[in-house]
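Down below is the structure, laid out as structure tokens.
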Amino acid sequence: MSDTDNLCFDATKIDKLQELREHGVTAYPYTFERKDTVREIRERFAGIGHEKSAEEVSTAGRIYVVRQHGKTIFADMGDSDGKIQLYLRKNDLGEEQFDLFRQYIDAGDIVGVVGHVFRTKMGEITIWVDRFELLTKSICPLPEKFHGLKNVEARYRQRYLDLIMNEDSRETFRTRSRIISLLRQFLFERDYLEFETPTLQPIYGGANARPFTTHHHALDQKLYLRIAPELYLKRLVVGGFDKVFEIAKNFRNEDIDTNHNPEFSMVEIYEAYRDYNDMMDLTEGIFSYLVEEVHGKITCSFAGHDLDFARPWRRLTMEEAVREYAGIDIHAHSVEELRAFGLAHCVEGSESAATRGEFLALFFDHFGEKHLIQPTFVYDFPIENSPLAKKHREKEGLTERFELFIAGMEMANGFSELNDPLDQKARLEAQDAKRRRGDLEAQMIDYDFINALGYGMPPTGGVGIGIDRLVMLLTGKESIKEILLFPQMKTASPGQNEPEPGQNNGEE
RNA sequence: GGGCCUGUAGCUUAGUUCGGCAGAGCGACGGACUCUUAAUCCGUAGGCCAAGGGUUCAAAUCCCUUCAGGCCCGCCA
């Protein structure tokens, strides 16, 4: 495969680079003494008039547009949080430097400038450049200055270019960074400890999902990329850390769509001596704090919905949700009647479901989820699909588990953590039996985890919050690809995904 | 897995209905211009119309296959 299939280098720009070197110009110097950012200059000189400032400024950034006017040049330069106009004159720079800029500095290049600030006749705050230095020569053409980079696929595949060109995209990822930072701050202020647990796991667990597999050569052992950090974080609670959390990348071998990426971020939080009611309170606290910090108010709009995060939020049991949205009382009917109801309404899975609990979950998924627009906790899940949640203290066949729904999306999942080692052993054995029967999403038995419970885990509440969906919500982006810097995309050009000769690609 | 839609120059796109020389703007390159800002003016180059096959005197356009992407549904937390 030739270079030109993969590279967008511009022959003219490479020629310019070569000529610059012949002129003794260093195209890729090592440093530049930047004393001011664009934002600082804009703030400090907000009141500047047409007279040049006495004070000298020194800043650096990427050139976006060059407007040549014979013996003067205007250019727009931007750094990570702003753009500013440059003004260069042949009189000031001297013929040699001026011609160097005119000939060789293009949109896309990164330069450092030293000069004074003034406001042009048209009112634009501008740096009157005394001297400049090429800091990085760009040899790829920049997209068009006015329309920018719009092509969705190119924006995802070449995110760096998207970020260079689209301020809206930069703003989205600034917000993402801020959300994660605020989340940490919220938890640190409440004395939670942040830990990192293994991503490569010999036994996967903590969720129902199909894992990615890999192989460790020296150990000659199969390993899985984690589908959840849950079982390791609970070991920490057993070990005596009462308030822990992890912001974890999880990996699930599933299809990709507007709400799912194979690797995604989640915060999982565990706290001893708390139950699922406390974790619902905590979840409310986190979301309402973030909404208020990011939006400056307790509401936000998403996908055409006006969402109100003022506490307390609606809480209803799964039975109540099914009664309200499916119009059927689970307990008033036999399993046969429930099946007939399910079949009549084309509820997926109705043929094989065998218990009230299974029908409860099926009916909720079918009728309930899409109606839950305003923040709503649904709680008390059937035991059948909650192998890590504690049995309900009063209700037979249910667990103390909740999920949070906002705008029809599942945003969080938590429970009173199962800490009875014998119960946990039985439930994981049941999962493993399903797995051996071919259920690709059922869990394995982690005996070491069961053993840890055997030493005694205090009563514990836990919750996992999907960070990507949280960021979608707070940035108003309806596709997960818009809020992931590098969403998973199928390899575009043939040959790029093939293993190097003589190497094992690590797949099982 | 199913449905709908998209792919034309570096970027943004017209042309596809109804087959008839592949067009524009920006960008690039050369030239003019000392307060412009989507600068302006003059000139030049740049295309295997996603890939492959078919129908036709003639295909960007019609048909088939493939690739990549978007949206919706299914599966999935």
Side-chain angles (χ1 to χ4, degrees), chain A residues 7-13 15-16 50 52 64-77 83-93 98 102-103 106-108 118-126 128 138-158 161-162 164-166 206-210 227-228 230 250 252-262 264 266 346 348-349 361 365-366 369-370 381 385-386 401 403-405 409-413 439-441 464-466 468-469 478-482 487 489-494:
Chain A
L7 298 176
C8 51
F9 289 1
D10 181 306
T12 314
K13 287 177 185 287
D15 290 346
K16 284 186 181 181
H50 192 56
K52 267 199 285 187
Y64 279 89
V65 183
V66 181
R67 294 180 291 278
Q68 299 203 11
H69 283 261
K71 296 183 182 64
T72 64
I73 297 170
F74 286 91
D76 294 340
M77 190 199 79
K83 285 187 187 171
I84 196 161
Q85 181 169 256
L86 307 180
Y87 180 52
L88 301 89
R89 301 198 321 169
K90 197 166 197 166
N91 288 13
D92 305 320
L93 291 173
F98 186 83
R102 196 176 58 79
Q103 254 329 306
D106 301 319
F118 79 114
R119 200 173 286 278
T120 64
K121 281 179 189 163
M122 301 303 287
E124 179 81 25
I125 192 164
T126 301
W128 194 310
S138 167
I139 57 168
C140 293
L142 226 46
E144 199 222 1
K145 63 188 175 191
F146 187 61
H147 296 93
L149 183 67
K150 285 237 180 359
N151 185 288
V152 174
E153 185 176 350
R155 287 183 46 240
Y156 296 158
R157 288 189 189 275
Q158 294 181 277
L161 199 51
D162 178 40
I164 287 172
M165 297 307 296
N166 298 318
N208 292 332
R210 200 171 165 184
I227 56 173
E230 174 150 350
N250 296 332
R252 299 186 185 175
N253 210 334
E254 293 161 355
D255 209 353
I256 297 171
D257 65 28
T258 36
N259 284 301
H260 296 83
N261 194 65
F264 65 100
M266 178 162 257
C346 302
E348 204 85 22
D365 287 347
H366 187 83
E369 260 189 59
K370 55 182 174 288
F381 280 49
N385 59 355
S386 307
R401 174 180 178 186
E403 288 186 346
L404 168 63
F405 293 90
M409 290 191 291
E410 182 203 331
M411 303 295 297
N413 179 17
D439 183 341
L440 295 169
E441 276 97 33
I465 299 170
D468 303 305
R469 289 180 189 173
E478 292 177 46
S479 168
I480 200 169
K481 289 192 170 78
E482 289 290 345
M489 303 285 275
K490 189 154 187 175
T491 304
S493 42

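Naming: A, B, ... by sequence-line order, numbering from 1 per chain.
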*asked:* Among B:U36, B:C29, B:A38, which nucleotide has an atom closest to any side-chain atom of A:Phe146?
replied: B:A38
*Base, sugar-phosphate alone, or nothing: which one does A:Lys83 contact when heavy atoms must sit under 4.0 Å apart?*
nothing
*A:Leu149 side-chain proximity, nearest of B:G1, B:C76, B:C11*: B:C11
*Sugar-phosphate, base or nothing in reach of A:Gly148, heavy atoms under 4.0 Å*: sugar-phosphate
*asked:* Expressed as a whole number of angstroms, how long is the span from A:Glu369:CD to B:C75:P?
replied: 11 Å
_Nearest-nucleotide pick for A:Asp255, side chain only, options being B:U36, B:C29, B:C75_ = B:C75
_Under 4.0 angstrom between A:Arg67 side-chain N/O and B:U40 OP1 or OP2_ = no
*Rounded to whole angstrom units, what separation is found between the NE2 atom of A:His260 and the C1' atom of B:C75?*
9 Å
*Gap between atoms CD1 and C1', on A:Ile73 and B:A32 respectively (whole Å)*: 14 Å
*For the side chain of A:Glu348, counting heavy atoms from C-beta on, which of B:U36, B:C75, B:A28 is nearest?*
B:C75
*Hey, does the side-chain of A:Asn91 have a donor or acceptor N/O within less than 3.5 Å of a partner on the base of B:U34?*
yes
*Side chain of A:His69 only, please: which of B:C33, B:U37, B:G74 is the nearest?*
B:C33
*Using only side-chain N and O atoms of A:Ser479, determine if any of them is under 4.0 Å from OP1 or OP2 of B:C71.*
yes
*Whole angstrom is fine here: how far is it from CG in A:Asp257 over to P in B:C73?*
9 Å
*Specify the separation, in whole Å, of atom CZ of A:Arg102 and atom P of B:C33.*
10 Å
*asked:* Whole angstroms only, please: what is the CD1-C1' distance between A:Ile256 and B:G70?
replied: 14 Å
*Look at A:Thr258 and B:C72 and indicate whether a side-chain polar atom (N or O) is within less than 4.0 Å of OP1 or OP2.*
yes
_Let's see if you can work this out: which of B:U34, B:G10, B:G70 has an atom nearest to the side-chain heavy atoms of A:Pro141?_
B:G10
*Counting only distance, no hydrogens or angles, is the base of B:U36 paired donor-acceptor with the side chain of A:Gln68 under 3.5 Å?*
no
*Side-chain N or O of A:Lys481 closer than 4.0 Å to phosphate OP1/OP2 of B:G69*: no
*Taking the side chain of A:Thr12 as its heavy atoms from C-beta onward, which of B:U34, B:U37, B:C29 lies nearest to it?*
B:C29
*Out of B:U34, B:U12, B:G1, which has the shortest distance to the side chain of A:Arg89?*
B:U34
_Nearest-angstrom distance from the residue atom CG of A:Asn259 to C1' of B:C73_ = 13 Å
*Considering only side-chain heavy atoms of A:His50, which listed nucleotide, B:U37, B:C35, B:C29, is closest?*
B:C35
*Taking the side chain of A:Glu144 as heavy atoms from C-beta outward, which of B:U36, B:G25, B:G74 is closest to it?*
B:G25
*B:A68 phosphate, OP1 or OP2: any side-chain N/O from A:Lys490 under 4.0 angstrom?*
yes
*Touch check for A:Tyr87, heavy atoms < 4.0 angstrom, all strands: base, sugar-phosphate only, or nothing?*
base
*asked:* Any N or O donor-acceptor pair under 3.5 Å from the base of B:C11 to the side chain of A:His147?
replied: no
